[in-house]
There are 2 protein chains.
Amino acid sequence: MIFITKVIYLLKRLSKYRTKLGNKKKATIKDIANVLNISPAAVSKALHDDSRISEKTKKAVKQVAKNLNYQPNHLASALRKGKSNLVGVIVPRTNSNFFSSVIQNMEEVLNRKGYNIIITQSNESYKKECANIDTLLFTQVDGIIASMANETVDLSYYEKIKSKGIPLILFDRGENDLNVDYIGINDYESSHMIVEHLVNQGCKRIAHIGGYKHTRIYNNRIRGYIDALKKYHLPLENELLIESNLTTEDGREKMQQLLNLENRPDAVYVAGDYAALGALQVLNEQNIKVPHDIALVGFGDEPFTAMVTPTLSSINQQSSEIGRLAALTFLEHAKKDIVTQSLNKQILDAKLIVRESSKKHI
Amino acid sequence: MIFITKVIYLLKRLSKYRTKLGNKKKATIKDIANVLNISPAAVSKALHDDSRISEKTKKAVKQVAKNLNYQPNHLASALRKGKSNLVGVIVPRTNSNFFSSVIQNMEEVLNRKGYNIIITQSNESYKKECANIDTLLFTQVDGIIASMANETVDLSYYEKIKSKGIPLILFDRGENDLNVDYIGINDYESSHMIVEHLVNQGCKRIAHIGGYKHTRIYNNRIRGYIDALKKYHLPLENELLIESNLTTEDGREKMQQLLNLENRPDAVYVAGDYAALGALQVLNEQNIKVPHDIALVGFGDEPFTAMVTPTLSSINQQSSEIGRLAALTFLEHAKKDIVTQSLNKQILDAKLIVRESSKKHI
DNA sequence: TAGTTATGCTTAAACGTTTAACCAAAAAAT
DNA sequence: ATTTTTTGGTTAAACGTTTAAGCATAACTA
């Protein structure tokens, strides 16, 4: 009898609360506490399955929470706990398959551990990148995972992240000098694979449209290209090694530059797929047979490489694995409460995907 | 003299604070207050240029803030003010040029007004979409801008957003029933433009590989296609109207289905570029001349449409404008403190970009 | 000169959680 | 029967801001 009156009493309190809230204000831990006549602290503990709270109370709390449509206020708990459970991501752009795939896999791993990600794009602009860093720091992210813009040479803004004491993890476009964790592929070896493949196809004059030398990954690709040429006793000529921003447009220009040479190359290795596409367009337009007259290899394995005519050989960069590892690396840092940056490099092996554009004999 | 001692005194306090903080803990408003011997409230007001604070104090506060490398704690202010200055974005995927361009423009407008955006991807999955909504609500976003997954038919989760009292704005893939703001293009008219263009090229049997009928935009494209056929007295045959999920793979399949017909079409209008690409691949593989034997038109004006052979005619969806308008619409809602959802549709005119795949006579 | 107003702050409470420290009552141990 | 331990909580402070309300002091007004 007493039990029943109590239940009725509680139901009354509850419905009173519900009408009072009237879908207007969000229910808080305090509201739940009031309904059950216990302290907010007890509610908080109950919701977190604290061992010092009885099963009965936990059940009741969860029931009332559901009824009041309670949603924890993330801001409050983040403020109190000193962490936001947000991870900031900076990429040059999202509309490349590589970056969007990296992000997707990162998100998957991080979501599972209760983290959300804030994605920002630098559009390859250093200024935008700095703004993004400010934005992310302002939002109190618990860490930042980034791939640097092409333009970026000044690292002071990244030092700012480090000095804030939150983990910074770089992928793809990174910098040794920053002394932080890095996940990427073996660019130097990839160049070797490409040159070796082209040599096997019978190519003798291999050109390279590379990225900016000041960017580590492109520098490594260039070094790989040079060393591989040496290895196969091929001529290393200045006119065959061109620096580019690797956009489609610039790919066109640099290809034209190669075609204007007295002594044309019989193969071109382009350090990015978009630029390789530009190169291919120029070759197609001028009826230069690919791969017969000039073989072509790109870098990145963007989906369109399998769509163009002829299909474009390229390097697969293991985007999913990079995303997964970057996320796991962050989680490692997040586990320990003392932030210790370490130059821990995780270098993955890339795969050469041979397609029509470089298959001389079938 | 007194002035100088005071300055020295302050400098001492400051340096004491700096070493105390020692790059360890972040400086707060309270630290600044302590250095200057004023109240935290005064500091807060000074930083916000409150008129009740003297210029002298403001200057001093800002100077000390800079020296201590003070960064406002966004979580605290968000908690206090009851708003996070975060806008949630849900898109089916980011690696399509359309969505990434929408996002980029949205971001630009919102950043200028002090908002940051959290991007989430549904991967066309209803379940992921629901999880994303929960995530965003949990993160206390001030509003959500979304484009729905293909799978989504149940709108209860979106109702959940509305019931939370934060603005919801849909773009591209929206739903009338939700009764919220919507920004998109005129799909019905776009179909008309395409059919008209194909008729002008002399096509007589025009097929349509469309999206799911239950999605409003695809339904509109289908209706536009049907009505345009009527207008030009062309045969409307069931076998020429196919429903698809519009992936590249499905585009291949559905194209093959059309090729298997007794009476093949002489033009195919595909409601999405990726599916159109699949269709093109099948046609190229079987040496069916495009546009001579079969003309082809896609939808979306993805960059690759200008890369493939032959280049693909398509509809430009005004991504930048959509992003801009979605952001502005959110800001409109954010201005007024009372949230009032309205079915305010902003429909933009799309542009048909004619390329090789549908140019029969040049 | 008294009264009013403007200036430039301070005080204190609030936002919603979390958590260390404490405590009463019940259960177990001696 | 007394002490100890366990159970199931409570209290109060804290996280870093913002803001309404209050209050001296200075400056103007009549």
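Each chain gets a letter, A, B and so on, in the order its sequence line appears, and its residues count up from 1.
Side chain to side chain, B/N123 and B/S125 fail the donor-acceptor criterion of an N or O pair below 3.5 Å.
Taking atom CD1 of residue A/I38 and atom C1' of nucleotide D/dG9, one finds them 9 Å apart after rounding to whole Å. One atom, CG of B/L36, and another, C1' of C/dT10, lie 15 Å apart when rounded to the nearest Å. One interatomic measurement links the two molecules: NE2 of B/H74 to C1' of D/dT18, which rounds to 14 Å at whole-angstrom precision.
Using a cut-off of 4.0 Å between Lys/Arg side-chain N and Asp/Glu carboxylate O, A/R173 and A/E124 are scored as salt-bridged. Salt-bridge check for B/D49 with B/K62: passed, with a basic side-chain N closer than 4.0 Å to an acidic carboxylate O.
In this structure, A/T94 OG1 and A/F99 CZ are separated by 10.0 Å, a value rounded to the nearest 0.5 Å. Summarising the geometry, atom CG belonging to A/N116 is positioned 9.0 Å from atom OG1 belonging to B/T120; distances are rounded to the nearest 0.5 Å.
Every residue meeting the ring-ring contact (aromatic ring centres under 6.0 Å, His included) condition with B/Y115, not counting sequence neighbours, appears here in chain and number order: B/F330.
Within residues 44-60 of chain B, the residues having any heavy atom under 4.0 Å from DNA chain C are, by residue number, B/K45, B/R52, B/I53, B/S54, B/T57.
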Salt bridge (Lys or Arg N to Asp or Glu O under 4.0 Å) assessment of B/K160 paired with B/D134: CA-CA 9 Å; B/K160 199 168 159 183; B/D134 279 338; 2.8 Å; yes
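Side chain of A/N85 to main chain of A/G114: a donor-acceptor pair is present (N/O by atom type, distance under 3.5 Å, no hydrogens or angles).
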Pick out the pairs of N or O atoms, protein on one side and nucleotides 13-16 of chain C on the other, that lie under 3.5 Å.
| from | atom 1 | to | atom 2 | distance (Å) |
| --- | --- | --- | --- | --- |
| C/dA14 | N3 | B/R80 | NH1 | 3.2 |
| C/dC15 | O2 | B/R80 | N | 3.3 |
| C/dG16 | N2 | A/A76 | O | 3.2 |

